[in-house]
Amino acid sequence: MSDQNRLGVFKTYKLYVGGKFPRSESGRVYEVTDSKGQWLANAPQSSRKDARDAVVAARKAFGGWSGATAYNRGQVLYRVAEMLEGRKDQFIREVAASEGLSKSKAAAVVDAAIDRWVWYAGWTDKIGQISGGANPVAGPFFNLSTPEPTGVVAVLAPRKSSLLGLVSVIAPVIATGNTAVVVASADAPLPALSLGEVLATSDVPGGVVNILSGVTAELAAPLAAHQDVNAIDLTGADPALAKELEIAAADNLKRVLRPGPVDADGAADSADSADWTASPGTQRLTAFLETKTVWHPTGALGAAGSSY
């Protein structure tokens, strides 16, 4: 059969939850269009039930992932970069269509996203040195502070930067031992859903990253109020939604990473104008870490004042 008569095989995009690729339990889908309004694909429209299932998967994976050595987590993140490199052409097409970029500009975005995984892979076993250490105390004690992951983090991905911004908010969360429930950009979810396929073949344990697509506000509300979610990144929320979610997150004292500077009314600015190509620094690495401090006698003094 000639290529002219061949019917192409359209890709069915699915969610990525618990290391598997389910359709939304609601059975809903919505149309995804390119920058010119032309149809690209149907994406699953996740429900609140999908969000709760993703939290269960993330919690189940947390013990093993947080208990892995930092060096091992770095190897896994580097493997993600390797696999993404191998599927570069696919992501260039998806980013170009999703963001209205030329092929050359989309290629630069994909390259930057790959490099971003390598950046965070290198930080996994170094972040402890800049966010922990020995503290000087007045007394015969060692006082040591060490960073530990917060737990399950809900992440609202940037609305416009469908891959580089997405990677920039996911990678630091899992690099430090947290697990993530990610709400992809509603307008440009295809690179995020394809990233799930990369993660599934990159030694990332199932449940460490869970990716949902759909209406951001519909999914963010139950995640912000969920008692088993420990933190939330509001990057992809508009100012009004961010304020609502921050109030809901206060119910169980979630850590909250705001999308931008806070104005006089207490509302956070949108992160859509963020420059994701800039050096990421360590802010996002430390945003979802807790500090554990341990005191221990030095053994310099005994009960009678002598060493022992």
Side-chain angles (χ1 to χ4, degrees), residues 15-22 46 50-68 70 73-74 76-77 79-81 84 113 116-117 120-121 123-124 127 147-158 161-185 189 191-200 202-214 216 219-220 222-224 226 228-237 245 249 254-257 259 271 280 283-290:
L15 309 177
Y16 182 55
V17 178
K20 299 179 181 180
F21 297 94
S46 305
D50 294 315
R52 292 195 298 269
D53 290 344
V55 173
V56 171
R59 177 58 62 191
K60 184 177 180 181
F62 176 69
W65 183 245
S66 61
R73 288 198 297 269
V76 172
L77 265 65
R79 179 64 173 168
V80 175
L84 191 55
R116 190 62 45 88
W117 281 112
Y120 282 114
W123 270 107
T124 56
I127 190 64
E148 292 189 343
T150 295
V152 175
V153 181
V155 179
L156 308 185
S161 185
S162 62
L163 183 64
L164 178 56
L166 175 77
V167 170
S168 298
V169 296
I170 294 177
V173 170
I174 66 172
T176 48
N178 298 289
T179 55
V181 176
V182 183
V183 179
S185 165
L193 298 176
S194 291
L195 181 64
E197 299 170 4
V198 171
L199 297 174
S202 302
D203 302 327
V204 179
V208 170
V209 178
N210 305 275
I211 301 176
L212 306 173
S213 58
T216 300
L219 298 171
L223 290 173
H226 201 298
D228 204 26
V229 173
N230 303 105
I232 185 168
D233 180 346
L234 301 178
T235 295
L245 298 177
K254 287 181 178 64
R255 279 179 170 260
V256 175
L257 182 62
Q283 178 190 3
R284 288 186 173 275
L285 283 166
T286 57
F288 302 115
L289 287 174
E290 306 289 345

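What you see is a predicted model, and the numbers here were worked out from it, not measured in a lab. All residue numbers in this chain count up from 1 along the given sequence.
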Worksheet entry | All salt bridge (charged side-chain N to carboxylate O under 4.0 Å, His left out) counterparts of Asp233, not counting sequence neighbours | Arg284
Practice prompt. Please list, chain by chain and in numerical order, all residues satisfying salt bridge (charged side-chain N to carboxylate O under 4.0 Å, His left out) with Asp228, sequence neighbours excluded.
Written response: Arg59
Applying side-chain hydrogen bond (donor to acceptor under 3.5 Å, both in side chains), name anything that partners [X], two or more places apart in sequence or on another chain.
X: Thr176; answer: Asn178
X: Ser194; answer: Lys11, Gln90, Glu94
X: Ser168; answer: Arg116

Practice prompt. For Phe21, enumerate each residue passing the ring-ring contact (aromatic ring centres under 6.0 Å, His included) test, keeping only those at least two apart in sequence or located in another chain.
Written response: Tyr16
Worksheet item: Looking only at atom types and distance, does a side-chain atom of Ser46 sit under 3.5 Å from a main-chain N or O of Ser213, one as donor and one as acceptor?
Response: yes
Item to complete: Determine, step by step, whether Val204 and Val80 satisfy the side-chain contact (heavy atoms from CB on, under 4.5 Å) criterion, reporting the C-alpha distance in whole Å, the side-chain angles of both residues, the deciding distance to 0.1 Å, and the verdict.
Response: CA-CA 8 Å; Val204 179; Val80 175; 3.8 Å; yes
Worksheet item: Are Leu289 and Ile127 close enough, and set up right, to give a side-chain contact (heavy atoms from CB on, under 4.5 Å), and what steps lead you there?
Response: CA-CA 10 Å; Leu289 287 174; Ile127 190 64; 4.1 Å; yes
Fill in: Any Phe288 side-chain heavy atom under 4.5 Å of Pro172 side chain
no
Worksheet item: Hey, does Ile170 have a side-chain heavy atom less than 4.5 Å from the side chain of Trp117?
Response: yes
Worksheet item: Checking side-chain contact (heavy atoms from CB on, under 4.5 Å) for the pair Asp50/Leu15: CA distance, chi angles, key distance, verdict?
Response: CA-CA 9 Å; Asp50 294 315; Leu15 309 177; 4.0 Å; yes
Discussion item. Go through it in stages, so that I can follow the logic: the residues are Val155 and Thr235, the test is side-chain contact (heavy atoms from CB on, under 4.5 Å), and I'd like the CA-CA distance, side-chain angles, deciding distance and then a yes or no.
Written reply: CA-CA 8 Å; Val155 179; Thr235 295; over 6 Å; no
